[in-house]
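Everything below concerns the one structure shown next.
Just so you know, these numbers come straight off a predicted model, no measurement behind them.
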Amino acid sequence: MLRLRGIPISKFISQQYPKFDGRVCSNGFKTTSTEHPEPVYEDNERILGKVLQARKEDLPTSMANPYEKPERKCILCDNNITPNYKNVKLLYQFVSPYTGLPYEKHVTGLCTQMHESVQSEIRKARRLGMMAVYLKESDFLKDPKICDPERPLRPHKY
């Protein structure tokens, strides 16, 4: 037992501080004895019910995400058009007038499936002699443009 001037520490402290109840930690400081009152559940439940009712009235309504980008559909899928080798006027819309090569997907804005379908139909029409290989025919040069190669939908690597 720890002693100070021959007297146990707890007795020494109780002499110095008469309100001390005699409990001492190992390092000599007084510990507290906090007594908590018993909770009153009826009042808490009533208050909780009011809070929950107020929250139900204050909940946000469900709405679509305003920052969500709309789903982009290609022009052929949007209009439900399937490319065909016989429809040369449509196929020429996706061919460059200078080189005769089909435009890339980032220029035309077509989805992958339609882009591959257009390219295969262009190859098929060229093999059958319905389309020119190196240049766009002059009959189709004045047709309205579906895509603008000068302003692609997505930037390209060049």
**Q.** In one Ile/Leu/Val/Met/Phe/Trp/Tyr side-chain cluster, 4.5 Å: L128, V88
**A.**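 The answer is yes; both residues are in one hydrophobic cluster.
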
(Q) Please tell me whether L101 and V118 are part of a single hydrophobic cluster in this structure, the criterion being side-chain heavy atoms less than 4.5 Å apart. (A)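 Unlinked, L101 and V118 end up in two clusters.
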
Q. Is there a donor-acceptor pair under 3.5 Å between the side chain of N65 and the backbone N or O of Y67?
A.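 Yes, the answer is positive, given that a donor and an acceptor are paired below the 3.5 Å cut-off.
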
Q) Is a donor on one side and an acceptor on the other found under 3.5 Å between the side chain of S120 and the backbone of S117? A)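 Indeed, once roles are kept as given, a pair shorter than 3.5 Å links the two residues.
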
To the closest 0.5 Å, what do you measure between [atom1] ([X]) and [atom2] ([Y])?
X	Y	atom1	atom2	result
L48	Q53	CG	CD	11.5 Å
L110	E104	CG	CD	11.0 Å
M131	Y92	CE	OH	4.5 Å
C111	D78	SG	CG	11.0 Å
M114	K73	CE	NZ	10.0 Å
K105	Q119	NZ	CD	10.0 Å

Would you say the side chain of [Y] lies within less than 4.5 Å of the side chain of [X], judging by non-hydrogen atoms?
X	Y	value
L90	E121	no
V107	F94	no
L91	V95	no

**Q.** Which atom of P97 lies closest to which atom of Y103, heavy atoms considered
**A.**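 Residues P97 and Y103, closest heavy atoms: CD-OH, 3.4 Å.
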
Q) What closest approach, in Å, do I81 and P83 show between heavy atoms, and which atom pair accounts for it? A)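 Closest approach of I81 to P83, heavy atoms only: O-CD, 3.8 Å.
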
